[in-house]
Structure formats: structure tokens, C-alpha cells
Amino acid sequence: MTIVPLAGMPASSSDSDLRLEEKALVERMLAGDEAAMEELADEYFPGLYRFALARLDGDTELAREVVQTTVCKALAKLETFRGEAPLLGWLCACCRNEIRMGFRKKARLPRVVELEEDVASDRDLPDGALARKEEVRHVHDVLDLLPPRYARALEWKYVERVSVKEIAERLRVGAKAAESLLTRARQAFRDGYERVSLGEKRGLEP
Amino acid sequence: MNEEEQVRHLLEEAGPRPEVPPEDLAKIKAAFRAEWQEHVRQRRSPDRRLWLLAASIVAALALGWWLWPSPAGPVARAESGMRETVSAGAKVETGDSPAAFRLAGGSSLRLDAESRVRLVSASEIRLERGAVYLDSEGTGTVAVHTPLGTVRELGTQFEVRLLGSAVRVRVREGAVSLDGNGTAYKVEAGTELVLHDSGSVTGGRIAAYGPPWSWVLKAAPPLRIEGLTLEEVLERVARETGWTVRFEDPRVAASADEIVVHGDVGHLTPDQALEVVLPGAGLDHRVVDGVLILKAPN
């Protein structure tokens, strides 16, 4: 069957293509595709773990428990995943709720205002060091919320200083495609960085 | 410093993201795998046969709909309330009000007033008169057959309406394919396509909110808000209305997932429910060009 786009109708953006890819991945997994389940776990769980760890004062055991509970509970809810927001952002929202519920159960104050929490735990740090720590976490958060291949490509190029040719080989695409992907990844990173900087709510803001 | 240099600077300064302990990831993945296997097993269970919940929550909106249990069977009319289930192959017809159902696969199906469909299966609907609206919420693929072609969803919200000798498809979210006259057309979000029986095709833009979707909103099941966070309530309202949500004050945005809503908004439509929920949350709102703008009162 040939799909013929209607003349004059807008082509889908790369961003919406990514959302569709994520949605398709989720649907394949829910339909019983084991490779899709593996891919989802490998691509998204590390970022989710870092998200939890950063909000649990680096407690790895607690982070593992929270992430494990989050992903198991999220499985049923994934039926409702619509692909409108990044999948990891969606999972992070579930994780945030899980953390909050965990603290409520323990009759402790919910740790929802993350900056205040960090300020309290880092109160002994000099201002400059604290700001730098915040900035690093901020950048890592934005990377984690990007599509995994965007984040990997950016880290390869700017952290590991891998050449575009090598990135293309790792991604199994041509050099031009790698350049194009890097351009989109930079744009996505800037957008994400700006959104987080402005304090906007992911998933609620357009 | 140009934009690439800014990105380079930020990433170089931040360095690599922390490694995740492989043993922790392995444990998480093992638990997830076990949960996933159970989920898939249940999903494939024959118990997941066709069922449609004509939920009581739509009773106040749907004043009446008729059910033919089988193509040759007698006409059965819901005298009061809603029939709980509709069998495969049944025909459903609405009177002067729309009605809402939930398909077995999880999709929300709505029938406009004066419409008639045959529910071939949980994933196949034959539209015989009027209009249907489907919101898959990412749960699966439903095909709507019409005399002029078949519309297949690709994970989306869309309307299919018979217009005399034409079929019109309006897509609110995602995309659908319309297979008619031997050609498949892809219809993307924000657009509509009309396929005439002459084979000609016309199309145009359509907003995700406003009058084109009024009947869908009217047919929507009332919001069940008890225990939801304000953020979740807003997401549901946005999905039904087609609005986007914007906070004028980041502090208000930050509190949206902290506010837990209690109570019942009865049979108010989602947009009407906001009139009740938001004042209780201490927020003012207005809607401008499909954007729901929220702020703290002055």
C-alpha cells in the first residue's frame, strides 16, 4: 500500500517523528516484542536512574528501589502513553510521583522542590561550587531528557571529542546524516536547556 | 559565542553523565521483564474479548441510544441508563444526543447524535451514518470502514463523518490513513480530508480545539478527578478540549503536581469542570486561541 501525502499538508517534524518512534517502540513492547522491551530498558532506564539518584541524595539502593517500582507500575500506564511528550520525561514524571509517595508514606516532607533540597544538602559548599554543581546536574538532566541517540551523539562529539566520521560509523549512518543528527541534537539540547532554565513544566508547556 | 560553541561549552564543562551501576540496572531490568511477561500474558488472554462499557458516567449526556444485538435480531432500546456491554457484531444507533463507549483495546469511541455504527470487533467499526470520534490514547489500532473507504488510526484522535456522497476525516492528534478508491492518503494532525464518491479529494487545516470538536466534548465522559493532582486534571482537560496549557507564573506551574484535587464534578463537561476545580486550587484562568492560561489571582 502506498501512502500518498496530500498536497499542501505539512510534513511531520523530526521531533514528532521521534515521538512517533517512541510511541511505536512502546506499542511493540506492549504487544509482546521482546526486542522492543530490551531496547526500552537499555535506552531509558539509565536516564531514569540518574533522575532518581539526583533526587535521593545519591542513595543508590533507594534509587534502584524507586526506579524498579516506577517502571513496573508504569508498565500498565504505558497503555495510555500518547507520544506527545518524550518517553523519558513521561517516566520521570511517574518517578517523581513515586518518590513523593515514598516520602509521604514515611511521614516525611515530600521532596518536591528539588533546588531547595539540594541547597540544604550542599549548604557547606561555597557559592561558586554549588552553582557549578547545579549547572552540571542541569546539563545532565537535559541530556537525559533528550532522545537517547541525540544525547549519545552530543556526548561523543563534545565530551569525548569523537570525530563526525566516527560518530557516523557508530550510528551506522552517513557523514551527512550524522551532521544532520548533531544539528537536531544541538537544537533539542538548547530548547531543553532553555525550558529547564525558565522553570517551565515539561509536558504542560507547548 | 555562537550557538554551537555554547552547547560545546556547556557539555565540556559538565563532563560525562554519571555511570549507572550495572548490577542495579540488571536488577531493575529483571523485575521489569517479569512484570512485562505477565502483562503480555494477560493482554493475550482470551478474557480480553470484546467489551464496551457504556459507563453510567455518560448517562446524563447521552439521552438515548439503541442497540441491535445482532444484525438480524430484534431492536433493543436502553430504556433507562446504559447497557453495560455491546457484543461483537452489534449495531448501535444514537438519537438526538451523542454517546460514549470504551473499546476493549482501551480506545475511547464516541458517536455523534443521529449516528449509526456496527461494531464488527474491538478494532473494527463500520460507520453507516453520522460521525464517530476515536481517541486511542496510544492503546492500539482501530479501523473505521465507510462506504467510501477505510480509515485506520496510527495512534491518534480523529473524527470520521459521512457527508452524503463523501467521507470527511479530521485529525486532531497523530495521523490516520484513509484507504479509498485504491489509494491511501495520510492525514496528519491539524488537517482534514474529504474524499468524494467521484474520487476527488479536498483538504485543509483544522484547529485542534473549538467548534469542530464541540460534540466530542459534549459526549466526553465526566472527569473523575478525585485524588488526581491538578497537573493530571489539566492534562485530561487539555486532551478533551484540544487546548494547550500555559502557566503565567512558574511558581504556579511548580505547584501543579503538588495540589491534589478532591471531590466530584458530576456531569460537567471537562471545560465546565475547570470552572469548579481551578477556583478551589486558588487559580484564575482564561482561554485565548486554544491556550488555557493559568495564573495566581492578583
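Letters A, B, ... mirror the listed sequences (proteins, then strands); counts begin at 1. Because the structure is predicted, anything quoted here is derived from the model rather than measured. Computation of the quantities below employed the complete heavy-atom set of this structure, encompassing side-chain atoms and omitting hydrogens, waters and symmetry-equivalent molecules.
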Task: Structural part of Leu25(B) lying under 4.5 Å from a heavy atom of chain A - done: side chain
Check whether [X] gets within reach of chain B through its side chain, its backbone, both or neither, counting any heavy atom under 4.5 Å.
{"X": "Val159(A)", "result": "side chain"}
{"X": "Ala151(A)", "result": "both"}
{"X": "Val139(A)", "result": "side chain"}
{"X": "Leu40(A)", "result": "side chain"}
{"X": "Arg190(A)", "result": "side chain"}
{"X": "Glu34(A)", "result": "both"}

Task: Full working for side-chain contact (heavy atoms from CB on, under 4.5 Å) between Lys29(B) and Val71(A) - done: CA-CA 9 Å; Lys29(B) 197 167 161 183; Val71(A) 295; over 6 Å; no
If we only count heavy atoms from C-beta on, is the [X] to [Y] side-chain gap below 4.5 Å?
{"X": "Ile28(B)", "Y": "Arg64(A)", "answer": "yes"}
{"X": "Gln68(A)", "Y": "Glu35(B)", "answer": "no"}
{"X": "Glu4(B)", "Y": "Arg186(A)", "answer": "yes"}

Which of [options] touches chain B most, by non-hydrogen pairs under 4.5 Å:
{"options": "Thr69(A), Leu182(A), Asn97(A), Leu154(A)", "result": "Leu154(A)"}
{"options": "Cys72(A), Ala41(A), Ala63(A)", "result": "Cys72(A)"}
{"options": "Gln187(A), Lys157(A), Glu38(A), Glu61(A)", "result": "Glu38(A)"}
{"options": "Val67(A), Leu53(A), Thr183(A), Asp144(A)", "result": "Asp144(A)"}

- [ ] Begin from the C-alpha positions of Phe189(A) and Leu11(B) and carry the test side-chain contact (heavy atoms from CB on, under 4.5 Å) through to its verdict.
- [x] CA-CA 10 Å; Phe189(A) 178 85; Leu11(B) 291 169; 4.0 Å; yes
TODO: Go through His39(B) and Met29(A) one step at a time and tell me if the side-chain contact (heavy atoms from CB on, under 4.5 Å) criterion holds.
DONE: CA-CA 10 Å; His39(B) 185 84; Met29(A) 183 201 68; over 6 Å; no
Task: Inter-residue atom distance Leu75(A).CG - Trp36(B).CH2, 0.5 Å rounding - done: 9.5 Å
TODO: Find the one option among Arg33(B), Glu13(B), Glu19(B) whose heavy-atom pairs under 4.5 Å with chain A are most numerous.
DONE: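 Of the options given, most contacts go to Arg33(B).
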Task: Closest non-hydrogen atom pair between Arg152(A) and Arg17(B), with its separation - done: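 Reported closest heavy-atom pair: N-NH2, 4.3 Å.
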Open item on the list: Show, in sequence, the C-alpha distance, side-chain angles and deciding distance for Thr229(B) and Arg100(A), and conclude whether the side-chain contact (heavy atoms from CB on, under 4.5 Å) test is met.
Closed with: CA-CA 12 Å; Thr229(B) 64; Arg100(A) 187 169 57 237; 4.1 Å; yes
